[in-house]
Amino acid sequence: MIDIMMIDSSSQEEKVMKDNLSHLKTAIVEDNELIETSDSDVQDPEANIREDLTRALKPRHVNMLSIAGVIGTGLYLSTSSALNKAGPASLFMNYVIMGIVIYLDMLCLGEMSTYMPISGSFCSYAKKFGSESFAWALMWNYWFEDALSVASSLTALQLILDYWKTSQHHFPYWAAALLFWVFVLALNVIHVGVYGEAEYWLALLKVIAIVIFFILSIVVNAGHNPDHKYIGFQYWTHGEAPFVHGFRGFASMFVSASYAYGGIEALTLTGGEVQNPLRNTPKVIKTVFWRVLIFYVFSTFFIAMNVPYNYPGLATNSVMTSPFTIVFQMAGSKNAGSFMNAVIMTSVISGCNHALFAGSRIMYNMGLDGYLPRKIVSRTNRYKAPYVSIILTWAVGGICFGASFIGAGTLWDWLQNIGGVSYQIAWLCIAITSIRFRRGLEVQGKTHELKFKNWTYPYGPYFLVVFVTFIILIQGWSAFAPWSTSKFFSLYLELFVFPACYFIWWIFKRDWFVKYEDMDFETDRYIPTPEIIELNEELDNLKGWRKWRQHINDYFV
């Protein structure tokens, strides 16, 4: 048995092996990672995994990413126009509904990514448990969405800088965006640990800022506002509220809420670079419910309470009228608004950073799966970062950003709609893949091998297939009455692109969905050694001070 003792909060003490494990030469746990050099009779947990990436993301990186890593421009900017178009009740209820959708989807994904913790995640699973054409369409769809997210983050940065009117001081917005564009490339192309460290501190700042927002929202609602009066829920009955434009307005909210939630599923793309994935991946999934409740649902609840739907300028998508900035200004002064604006700016950088990471890992796996030249896109540097895929994704994102000459606000609307639908298609594909994954395990008698089970199966995945399909079809209602060609294509363009990608590959390969009995559950599967299992049991059974010390180590050290 390995005697586990922690030297300090940042690392685990080297394990002392007993005589009956003398064949194991070294076993060191550092930040919950087991690094071992053993004789041939000791199984290598990475032996079945094709990827050549380094597991350098520490538990605190992954845990903080799971808490606030993907909170960004969608929540900060999309909620303004959504509140204006649909009203407070629609805003709040839609975020609750889509929060349930993303939670169910993450349970599906968590089950598969714990079994096979690889950077390709749901895109690679689509090939293993679906078909090559299915995976081809999903990979191109999601990769292009990540490239667009890089562009949308740079576009949002221009809207943010407009708060301070920096253009009046002869500093063009596009120049600042290009500086940040180069900055996020540096964060990604060097070492995955640099990416993780940057995301950790940016996410921590977002957590602190949103907690402050909650406190100030209560203060503002209680009477500390420019009118010096108690607000309560009076804006829920103000004008056409609580449901502005009826069901038409409510349905139009799905795409903006999806864009705000989008990217949460990409957390599992870190699976190929996470230390001790058997323990840390389920922990990420288990936090999804609380993250959705606290950061998304509570935020929209306070926004709906304190900001009327007809507040001047809400429909402009400007950060000057972001509900978060408005509440900070109501509580204090221009300086308070500048603080929140600065936080939104760091969130935009974080969103751009995360999108570049996710997109590059998708392209890297497209090489591994034979969709693109492996020797090119799957090439890594000495830090085992897929630098070619990173640079290509980064470059395409920059080219898409170049379209901002048509106007940052107009481009933002297009990118938000296309991005929201892309995320919905990804969630639908995850649910379909999850159903086939579980069915394949059942047919091959391997269900008992699951280390983390989706407790909602089979009802959760089937509900997702039906409901997500429904919202994809009805959310563009507003484009028909009155008819808007621009809005129609921004909302339904992906419904033409995804099938087109599928049939392009199918024409050449003529492949069908893999049979359940032929599914490959061995390649890319992470098989823990007895020592790793024992370590995780010890860590999970810690009590008292040692347990709290471990929590500090997991989240902060």
Side-chain angles (χ1 to χ4, degrees), residues 70 72-75 78-79 81-82 85-86 90-91 93-109 121-123 125-126 130 134-135 137-149 152 247 250-269 288 292 296 351 355 358-359 362 413-435 460-479 487-502:
V70 296
T73 53
L75 180 63
S78 297
T79 47
S81 59
K85 295 174 183 176
S90 293
L91 175 71
M93 291 175 60
N94 210 291
Y95 269 75
V96 171
I97 293 171
M98 295 310 297
I100 295 172
V101 168
I102 196 64
Y103 175 62
L104 294 176
D105 218 70
M106 288 300 289
L107 288 175
C108 296
L109 192 51
S121 187
F122 52 90
C123 291
Y125 306 148
F134 185 55
L138 178 58
M139 282 183 165
W140 275 114
N141 173 82
Y142 204 84
W143 173 81
F144 188 59
E145 159 52 31
D146 285 323
L148 286 180
S149 292
S152 65
F247 184 76
F250 180 80
S252 67
M253 275 285 301
F254 284 120
V255 69
S256 61
S258 297
Y259 181 78
Y261 279 115
I264 292 180
E265 71 290 332
L267 289 172
T268 57
L269 296 176
V288 170
V292 167
Y296 288 91
I362 294 296
D413 283 335
W414 266 76
L415 294 177
Q416 175 185 262
N417 291 341
I418 293 174
V421 178
S422 295
Y423 286 129
Q424 292 166 355
I425 291 175
W427 300 340
L428 177 61
C429 292
I430 290 170
I432 294 172
T433 305
S434 174
I435 293 170
Y462 280 104
F463 168 79
L464 286 173
V465 171
V466 175
F467 185 74
V468 175
T469 301
F470 171 73
I471 64 174
I472 288 175
L473 295 177
I474 63 100
Q475 65 191 359
W477 192 332
S478 59
K487 186 176 291 186
F488 174 83
F489 279 103
S490 68
L491 288 168
Y492 290 106
L493 178 64
E494 283 296 310
L495 298 189
F496 298 98
V497 173
F498 186 85
C501 289
Y502 180 94

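For S434 (side chain) and A431 (main-chain N/O), no donor-acceptor pair under 3.5 Å exists by modelled atom type. Although no hydrogens or angles enter the test, the distance criterion places no donor-acceptor pair under 3.5 Å between the side chain of Y296 and the main chain of G99.
Between F134 and C429, the closest side-chain pair of non-hydrogen atoms falls below 4.5 Å. By the 4.5 Å heavy-atom criterion applied to side chains, N141 and C501 are not counted as neighbours. Between Y125 and L109 the shortest side-chain heavy-atom distance falls below 4.5 Å. Here the side chains of Q416 and S256 are in contact, with some heavy-atom distance below 4.5 Å. Under the 4.5 Å side-chain criterion, counting only non-hydrogen atoms from C-beta, S258 is in contact with W427. Using a 4.5 Å heavy-atom cutoff, the side chains of I471 and I97 are not in contact. Residues L464 and L428 have side chains not in contact (no heavy-atom distance under 4.5 Å, counting atoms from C-beta outward). Contact check for M98 versus Y423: no side-chain heavy atoms found under the 4.5 Å cut-off.
Annotation for G476 and L491: closest pair CA-CD1, 3.6 Å, computed over non-hydrogen atoms.
When only modelled atom types and interatomic distance are considered, E494 and Q424 share no side-chain donor-acceptor pair under 3.5 Å. Of the N and O atoms on the side chains of T79 and Y95, not one donor lies less than 3.5 Å from an acceptor on the other residue.
The aromatic rings of W140 and W143 sit perpendicular, their planes meeting at an angle over 60°, well past the 30° parallel limit.
From S149, atom OG reaches atom OH of Y259 across 5.0 Å, with rounding to the nearest 0.5 Å.
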